[in-house]
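Just below is one structure, and these are the notes that go with it.
We name chains A, B, ... by the order of the sequence lines, and we start the count at 1 in each one.
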Protein chains: 2
Amino acid sequence: MGANDINGNPGGATSGEEERSARFPSRDVLNRIGDRWSIRIMRILQERGSVRYTELERAIPGISRKMLTQTLRAIERDGMIVRTTHAEIPPRVDYTATELGIASLGPIDVLCEWSEAYMDEVREARRAYDERHHGSSGTR
Amino acid sequence: MGANDINGNPGGATSGEEERSARFPSRDVLNRIGDRWSIRIMRILQERGSVRYTELERAIPGISRKMLTQTLRAIERDGMIVRTTHAEIPPRVDYTATELGIASLGPIDVLCEWSEAYMDEVREARRAYDERHHGSSGTR
DNA sequence: CAGGATCCGTAGGGATACTG
DNA sequence: CAGTATCCCTACGGATCCTG
């Protein structure tokens with residue numbers, strides 16, 4: 001038995017998260033934006049209202065159960081969503097976006113729209129850069 | 001065996017980056033927001049105009065040279081900054097934000113302002129969550 | 001059904017020594 | 001001065017098996 005598995009990630013808060021954000025206030029919120037799944041989950045909750053666990057799993061191809069649960073816990077902890085368990089058999093759990101969660105998508109959409117608008121410009125810059133530096137990887 | 005260091009990160013583009021972004025268009029831009037240093041660098045360039053390498057290093061406490069260089073290369077490749085080398089001795093390199101780079105800070109500021117505005121609400125949500133779940137880590 | 005626990009590979013990132 | 005190369009440790013994230 002690998003008694004020394006220090007992996008404590010299921011806790012939700014990655015160790016030292018809040019400590020680092022002391023230097024740059026909005027860091028921990030930015031982190032949620034950076035990770036692959038938070039936004040996708042929030043968007044689905046925004047569209048469909050109340051969504052079950054398995055429904056989310058099917059709606060997001062490529063996500064693992066671990067990541068789904070972990071991300072859900074994290075954004076629940078941040079007050080972005082609410083988790084409701086119905087004591088039935090089989091069990092049923094619904095996730096719903098809070099007011100705060102919905103509101104957070106506003107500024108995020110602004111950012112996404114900007115990046116889509118300037119995407120071409122960025123891609124062109126990359127192409128040019130790659131070519132300038134004995135263009136290896138880029139050509140596609 | 002030291003020969004097998006597969007770390008190829010100095011390339012700038014992390015392997016598979018553009019591949020993943022096929023699923024979610026603005027992903028790669030979001031990634032720049034997610035990482036710890038890009039925004040800080042861009043802010044400094046925005047404020048001071050033209051900045052040298054060491055000046056950046058001193059202006060951003062806690063950053064390693066590896067990360068500084070790597071981040072600079074990445075945002076240069078994206079067309080956010082321009083790198084100018086002066087062939088002198090000792091060598092001198094200046095970094096300057098482009099129009100595109102400055103523009104990108106707009107939507108980002110929107111997001112940062114939002115997150116600072118709702119920070120308290122988020123912190124409170126976290127506190128409540130931690131307490132609800134036999135509150136261990138949070139109290140500080 | 002909705003997860004928790006565990007195992008493991010790999011990318012991210014710091015420290016430092018070296019170079020043009 | 002402005003990086004590059006190397007070493008190493010950790011966190012992230014997927015796959016899988018188990019449980020209430």
Side-chain angles (χ1 to χ4, degrees), chain A residues 1-17 19-20 28 31-32 34-38 40-41 50-74 76 81 83-95 133, chain B residues 1-17 19-20 31-32 34-38 40-41 50-74 76 81 83-95 133-134:
Chain A
M1 48 168 134
N4 262 355
D5 213 329
I6 333 167
N7 263 329
N9 44 359
T14 319
S15 64
E17 179 178 327
E19 196 180 351
R20 282 147 198 270
D28 43 348
N31 281 347
R32 298 272 132 261
D35 82 71
R36 308 237 312 263
W37 311 113
S38 296
R40 310 219 44 181
I41 293 177
S50 196
V51 186
R52 302 179 59 171
Y53 185 88
T54 327
E55 201 178 342
L56 276 171
E57 194 177 3
R58 264 181 284 107
I60 309 176
I63 196 172
S64 65
R65 254 115 100 247
K66 180 180 174 181
M67 273 303 100
L68 179 54
T69 303
Q70 196 170 300
T71 309
L72 284 170
R73 293 287 175 277
E76 184 197 357
I81 65 174
R83 189 180 102 116
T84 319
T85 60
H86 306 268
E88 312 170 352
I89 283 186
R92 175 196 184 88
V93 179
D94 285 310
Y95 293 93
H133 295 256
Chain B
M1 40 173 136
N4 259 356
D5 214 328
I6 331 166
N7 264 329
N9 43 0
T14 319
S15 63
E17 179 178 328
E19 195 180 351
R20 281 148 198 269
N31 281 346
R32 298 272 132 263
D35 83 69
R36 307 239 312 266
W37 311 113
S38 296
R40 309 218 46 178
I41 294 177
S50 196
V51 186
R52 303 178 57 169
Y53 186 89
T54 327
E55 202 178 340
L56 277 171
E57 194 177 2
R58 262 179 286 108
I60 310 176
I63 195 172
S64 65
R65 257 119 122 234
K66 179 179 174 181
M67 273 302 99
L68 179 53
T69 303
Q70 195 171 301
T71 309
L72 284 170
R73 293 285 176 277
E76 184 197 358
I81 65 174
R83 189 181 101 117
T84 318
T85 60
H86 305 269
E88 310 170 353
I89 283 185
R92 176 195 183 90
V93 179
D94 286 311
Y95 292 94
H133 296 258
H134 74 296

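If you measure from atom CZ of B/R32 to atom C1' of C/dG12, you get 12 Å, rounded to the nearest angstrom. One atom, CD of B/Q70, and another, C1' of D/dT6, lie 14 Å apart when rounded to the nearest Å. B/D94 has its CG atom 12 Å from the C1' atom of D/dC1, to the nearest Å. If you take CG of B/L68 and P of D/dT4, they are 11 Å apart, rounded to a whole angstrom. At whole-Å resolution of the value, CD in B/E57 and P in D/dC1 are 10 Å apart. Taking atom NE2 on A/H133 and atom P on D/dG3, their separation rounds to 11 Å, with Å as the unit. Whole-Å rounding puts the A/Y53 OH to C/dG3 P distance at 6 Å. Distance CZ (A/R92) to P (C/dG3): 12 Å, rounded to an integer number of Å.
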### Task
Sugar-phosphate atoms are those with a prime plus P, OP1 and OP2; base atoms are the rest. Using that split, label each nucleotide of nucleotides 15-20 of chain C B, S or - for protein heavy atoms under 4.0 Å, 5' to 3'.
B-B--B
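For A/Y95, counting side-chain heavy atoms from C-beta on, the closest listed nucleotide (C/dG3, D/dG13, D/dG3) is C/dG3. Minimum atom distance to the side chain of B/R73 is reached by D/dG3, of the listed C/dG14, C/dG4, D/dG3. The side chain of A/M67 lies closest to D/dG13 when the candidates are D/dG13, C/dG14, D/dG3.
Distance CD/B/E76 to OG1/B/T69: 11.5 Å, rounded to 0.5 Å. For the atom pair CZ (B/R40) and CG (B/L68), the distance works out to 12.0 Å, reported to the nearest 0.5 Å. Here B/L56 contributes atom CG and B/D94 contributes atom CG; the two are 10.0 Å apart, rounded to the nearest 0.5 Å.
The two residues A/L72 and A/I81 come nearest to each other via the heavy atoms O-CD1, 3.6 Å.
Considering only residues two or more places apart in sequence or on other chains, B/R52 meets the side chain to side chain donor-acceptor pair (under 3.5 Å) condition with none of them. Looking at residues two or more places apart in sequence or on another chain, you find a side chain to side chain contact (heavy atoms under 4.5 Å, CB included) between A/S38 and A/R32, A/D35, A/T71, A/I75. Legend: residues meeting side chain to side chain donor-acceptor pair (under 3.5 Å) with A/R65, ordered by chain and number and at least two apart, are absent.
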